[in-house]
Amino acid sequence: MTSPDDLLRELGELATSLGPAVRPAGTDELLRALTETARRLFGAAACSLALLSDDDSELIYTTAAGEGADDVTGMRITSSHGIAGLVVQSGQPIAISDVASDPRFSRGLAEQTGYIPRTILAVPVETPQRMLGVISLLDRDERRPGAEQDMALLSLFADQDRKSVV
């Protein structure tokens with residue numbers, strides 16, 4: 001039987017090798033495809049990608065899939081604001097199982113999108129030289145098999161996003 005770590009490694013290798021072959025023609029299409037694929041894979045209500053502005057002062061939600069996607073796409077926030085800001089400032093992934101009780105969660109921002117999540121999993125998108133942004137999953141299905149490896153698996157998606165926006 002394949003261990004979860006072996007499966008995760010194999011998924012990463014497969015994603016890296018297949019990325020160029022299945023890549024849509026434009027970067028926007030690729031980013032939309034990645035967020036939708038991540039949303040479905042994790043059984044999440046929503047997935048979004050926010051990239052830092054050229055001067056790193058703002059996070060710009062470039063693409064999203066699922067609940068609130070239309071309202072969040074194009075939204076701009078200060079790069080130090082909320083959970084996404086924490087991830088880009090620290091360079092560390094974060095998982096929050098109860099956002100209502102977490103003071104770092106920006107409820108006002110969530111209300112602007114029309115969707116208030118219960119849980120968030122967010123990982124940085126970066127190169128060795130620079131932080132690029134953050135990919136976030138909202139309300140992923142924690143009952144599905146392998147949910148305990150979600151942070152590592154979402155990081156693989158962030159790596160694919162990084163390759164797309166560099």
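In this structure a side-chain-to-backbone donor-acceptor pair under 3.5 Å is missing from T113 to G68. In terms of modelled atom types and a separation under 3.5 Å, the side chain of T127 and the main chain of Q129 share a donor-acceptor contact. In this structure a side-chain-to-backbone donor-acceptor pair under 3.5 Å is missing from R39 to A46.
To the nearest 0.5 Å, atom CG of residue L154 and atom CG of residue L121 are 5.0 Å apart. How far OG of S79 is from CD1 of I60: 10.0 Å, rounded to the nearest 0.5 Å. One distance of note links CG of D56 with CG of L51; it measures 11.0 Å at 0.5 Å rounding.
Sequence neighbours left out, the pairs with a member in residues 87-105 that pass salt bridge (charged side-chain N to carboxylate O under 4.0 Å, His left out) are D102-R104. Residue pairs satisfying the salt bridge (charged side-chain N to carboxylate O under 4.0 Å, His left out) criterion with at least one member in residues 64-86, sequence neighbours excluded, are listed as follows: E58-R76.
Here the closest heavy-atom approach between residue S136 and residue A122 is recorded as OG-CB, 3.6 Å. A pairwise comparison of heavy atoms in R32 and T35 identifies O-OG1, 3.1 Å as the closest pair. Taking each heavy atom of D139 and P117 in turn, the nearest pair found is OD2-CA, 3.3 Å. Of all non-hydrogen atoms in S53 and D55, the two that sit nearest each other are OG-OD1, 2.7 Å. For E36 against G66, the heavy-atom pair with the smallest separation is OE1-N, 4.4 Å.
Cluster partners of I77 are L52, L59, Y61, V72, M75, I83, L86, V87, V88, I94, I96, V99, F105, L109, Y115, I116, I120, M131, V134, L138, counting Ile, Leu, Val, Met, Phe, Trp and Tyr whose side-chain heavy atoms approach within less than 4.5 Å, directly or via other members.
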